[in-house]
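When reading the values below, keep in mind they use all heavy atoms of this one structure, side chains included, and skip hydrogens, waters and symmetry mates. Chain letters run A, B, ... following the sequence lines, proteins first, then strands; residues in each count from 1. Given the structure is predicted, the values throughout are model-derived calculations rather than measurements.
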2 protein chains.
Amino acid sequence: MRLGASNRQIWRSGAIGPSQLINRMKLPMTDQDQAPGRRTAKAPTIFDVAKQAGVSIKTVSRVVNAEINVRESTREKVLAAINDLHYRPNTAARVLSGKRFYVIGLIYENPNEFSYVQKVLNGALKACEAGGYTLLLLPLTLPNPDLIQDVRRFVSQSRLDGVVLPAPIGDFTSIQSLLTDLDIPFARIAPRMSLADELSIHCNDEQASFDVTQFLIDQGHQRLGFIKGDPIHAATAHRFEGYLRALKANAIEYHREYVQDGQFSFESGGSATRALLDLRSPPSAIIASNDDMAAGTIFEARERGLRIPEDLSVVGFDDTPIASRIWPPLTTVRQPIVEMAEALTGLLIQKLRGEPVDSSERLFACHVVTRASTGPRLVN
Amino acid sequence: MRLGASNRQIWRSGAIGPSQLINRMKLPMTDQDQAPGRRTAKAPTIFDVAKQAGVSIKTVSRVVNAEINVRESTREKVLAAINDLHYRPNTAARVLSGKRFYVIGLIYENPNEFSYVQKVLNGALKACEAGGYTLLLLPLTLPNPDLIQDVRRFVSQSRLDGVVLPAPIGDFTSIQSLLTDLDIPFARIAPRMSLADELSIHCNDEQASFDVTQFLIDQGHQRLGFIKGDPIHAATAHRFEGYLRALKANAIEYHREYVQDGQFSFESGGSATRALLDLRSPPSAIIASNDDMAAGTIFEARERGLRIPEDLSVVGFDDTPIASRIWPPLTTVRQPIVEMAEALTGLLIQKLRGEPVDSSERLFACHVVTRASTGPRLVN
DNA sequence: TGAAATAATGACAGCGTTGTCAATTTTAGG
DNA sequence: CCTAAAATTGACAACGCTGTCATTATTTCA
């Protein structure tokens, strides 16, 4: 099931654009690779390539770095030699000599629920491999009073060219200004802000929340409980807005008491649910802003002997592993995190290479995954 | 609750032993770090330190690398200069010049349940940071026909000094022989094999399984179902052995039909449970070899209207996030994964530095975490 | 066709370390 | 106090690449 996306442009693909040919090439295995001990078998250097191609090392360098002003015929000669010798530029030498480090940092929150980070990691890793960059990790425990210090140390000691900031790290303006001050490009998984040249990717959280709310309304639910997430995540506000918009679109009155605060944790989902179910007229459906809280909702409802979905429909967000491992399996909203992270990291690499980066808004579509935790309203 | 550990030596601590002072130092922030744009503010080099200390650069290099044959007074002078200038050796130059890369690879299975990898990652990252190494990641999807090729490419293209192999990757002998051929040191989370100088750390899986089985027996259970895990994991066999030993120790007859195969997945836990509950005399307690399967067990039991733990006690292994997010919360076995990974990576770094490595068996203790999914036997 | 402008290529000096090997200082032993 | 051995220190050449700037083709335009 794939509910309608928003009317804004949906941007996809992890294409990285033209550039360094070498880094792209997935070289075949060679005898040299196979030789026991890379410490003995010497890898070919730029000199070997230059000699074989009959040009200077500088020209080889130009070809490798996709610089302009190389005759097409020359480029082909060099490329052939590179292929012949299975040449790969030595990163240490490049770094030592040039101004770039070929390293991208990924700063993430180190939470209990790791599936989001896992997906981001997979996407970023893929883009880095494709682009010839190395990915370095900085796990952060929040809240962290030394946040800025830690980030600063990471950036300066690890010699980073750029940084990827997934949610919620990408929402910290303090980190953004630090990186701006340090003149380090960064890319965020977050709704874009003012800057025209900023790098960011996000998904239509608000729309997804609207969709899932509408889905419940279509099943006959009118009393809709909503459990907010940790306000530190920008998504928390967007999801709430989507809920509100759906209410309005269906002329359902907004009741303040149907909305509870949570912190994205299992426990907070439970206590919010307790408050909701204690109402004189409790909701027949509860929208939790993530799956952990939805699991808490199910837990709490079960404690009270409520049947799901007969007595209470429950939906979550994020389609984390737990969503399909609890009973009943959760109806939830899935984001294409891996693709988003890959695309985002690709954008950052483009920028680091000085390639032009499309400045239009980059928006991915979420969609509702329907499972057994939701059903038509049966109670009064 | 902490059930008895085995009688073998329990090894702990992430201590790394004497060595490179520089990499250890967590340098304070300096004006230089703070200066906007590390591209402009030049970092001090070995020459600056040498001049300030009044020695040659080679002597500085010796101090930094903790080489022998440096007079104590000289070492102190150099150290003082290093501190003064906030000097840190340039990795690119070190790599280019020397024979080491200061990079450790982590090869892991990229599963749905990521919490194990997350913990390993955290531990390895910590040790790498302390030791001045960079951690590079290779996620692998299993089964993978190109396994060896992928690993080979990773090792040779990423210029690794050593590799960390968590479970189940550490159980692949093909990878071990490849790395041995390539002359790349590696360290495994796995029971040790024959080699005396191998690097490995593991926990007492067999004992933990014995303990949890004994725990159930103590609660009055006699008909104990057991769901095996994926045979690719060495832990699968050990956990089964612990179960068998506990049966024997309590003079409970072993029934083949009480043991079902699983693959560590939620689904396989469900179908194994179906088979167990279909028996004429179904078990009153089920031991699943991991939490996902235990969740499947709970799911299936619920489908049949069984109450947990009144009608059926359930235990899992690993204390993954799901264990505390389902109803009822799972009694399970927790391993100190983060500590194990940190210690293991520390050992690898020691070896890479040529320091002596303690060759005794390194064993960590697991323990049973008691939650609501288990209780005394009530049914006949 | 010739001169100026432009495109293409190359020579060479770093980049900041470590390895090698020689030089110097200190220690030990008579 | 002298000598050999051992400990300590230093000079300098790599390491493999990129940046700078000079040089050499090629094209353009009058």
Q) Checking all strands, does B/Thr74 fall into the base, sugar-phosphate, or nothing category for heavy-atom contacts under 4.0 angstrom? A) sugar-phosphate
(Q) Side chains of B/Arg62 and B/Val78, heavy atoms from C-beta outward: is any pair under 4.5 Å? (A) no
(Q) Are B/Ile46 and B/Tyr87 packed together at the side-chain level, in the sense that at least one heavy-atom pair is separated by less than 4.5 angstrom? (A) yes
Q: List the steps, then state whether side chain to side chain contact (heavy atoms under 4.5 Å, CB included) holds for B/Tyr108 with B/Val164.
A: CA-CA 9 Å; B/Tyr108 60 90; B/Val164 174; over 6 Å; no
(Q) Rounded to whole Å, please give me the gap between CD1 in A/Ile57 and C1' in D/dT18. (A) 9 Å
Q. For A/Lys99 and D/dC17, what is the distance between atoms NZ and P respectively, to the nearest whole Å?
A. 18 Å
Q.
Looking at D/dC17, I'd like to know if its phosphate oxygens (OP1 or OP2) sit under 4.0 Å from a side-chain N or O belonging to A/Tyr102.
A. no
**Q.** A/Leu96 vs A/Thr59, nearer the 5' end of DNA chain C by closest nucleotide
**A.** A/Thr59
**Q.** Nucleotide C/dT9, atom C1' - distance to NZ of A/Lys51 in whole Å
**A.** 20 Å
Q: May I ask you to verify whether the side chain of B/Lys58 and the base of C/dG19 hold a donor-acceptor pair under 3.5 Å?
A: yes
Q: Please report, rounded to the nearest Å, how far the P atom of C/dT17 is from the CD atom of B/Glu67.
A: 14 Å
(Q) Could you tell me how far apart B/Ile46 (CD1) and D/dC15 (C1') are, to the nearest whole angstrom? (A) 15 Å
Q | Whole angstrom value for the distance that separates P of C/dG16 from CZ of A/Phe101 | A | 11 Å
Q) Under 4.0 Å between a side-chain N/O of B/Ser56 and OP1 or OP2 of D/dG10, yes or no? A) yes
Q. Would you say B/Arg71 reaches D/dT9's phosphate, i.e. side-chain N/O to OP1/OP2 under 4.0 Å?
A. yes
Q) Roughly, in whole Å, what's the span from NZ in B/Lys77 to P in D/dT8? A) 14 Å
Q) Per the atom types in the model, does the base of C/dG19 pair as donor or acceptor with the side chain of B/Ser61 at under 3.5 Å? A) no
**Q.** A/Glu129 bridged to A/Lys126 by N-O distance under 4.0 Å
**A.** no
Q) Are B/Ile107 and B/Phe186 close enough that some pair of their side-chain heavy atoms sits under 4.5 Å apart? A) no
Q: Return the nearest nucleotide to the side chain of B/Asn90; candidates are D/dT18, D/dG19, C/dT17.
A: C/dT17
Q) Just checking B/Val95: base, sugar-phosphate only, or nothing, at a heavy-atom cut-off of under 4.0 Å? A) nothing
Q. Does any N or O donor sit under 3.5 Å from an N or O acceptor when you compare the side chain of B/Arg62 with the base of D/dG10?
A. yes
Q. Below 4.0 angstrom from OP1 or OP2 of C/dT9, is there any side-chain N or O of A/Asn69?
A. no
Q) Quick one: A/Arg159 CZ to C/dC15 C1', roughly how many Å, whole number? A) 12 Å
Q) Between D/dC17, C/dG19, C/dG16, which one does the side chain of B/Ala93 approach most closely? A) C/dG16
**Q.** Distance-only donor-acceptor test (3.5 Å): side chain A/Ser97, base C/dC15
**A.** no
Q: Starting from the 5' end of DNA chain D, give me the residue, A/Phe47 or B/Ile68, whose nearest nucleotide shows up first.
A: B/Ile68
Q | Worked check of side chain to side chain contact (heavy atoms under 4.5 Å, CB included) between A/Asn65 and A/Arg94 | A | CA-CA 11 Å; A/Asn65 292 289; A/Arg94 283 181 130 174; 3.0 Å; yes
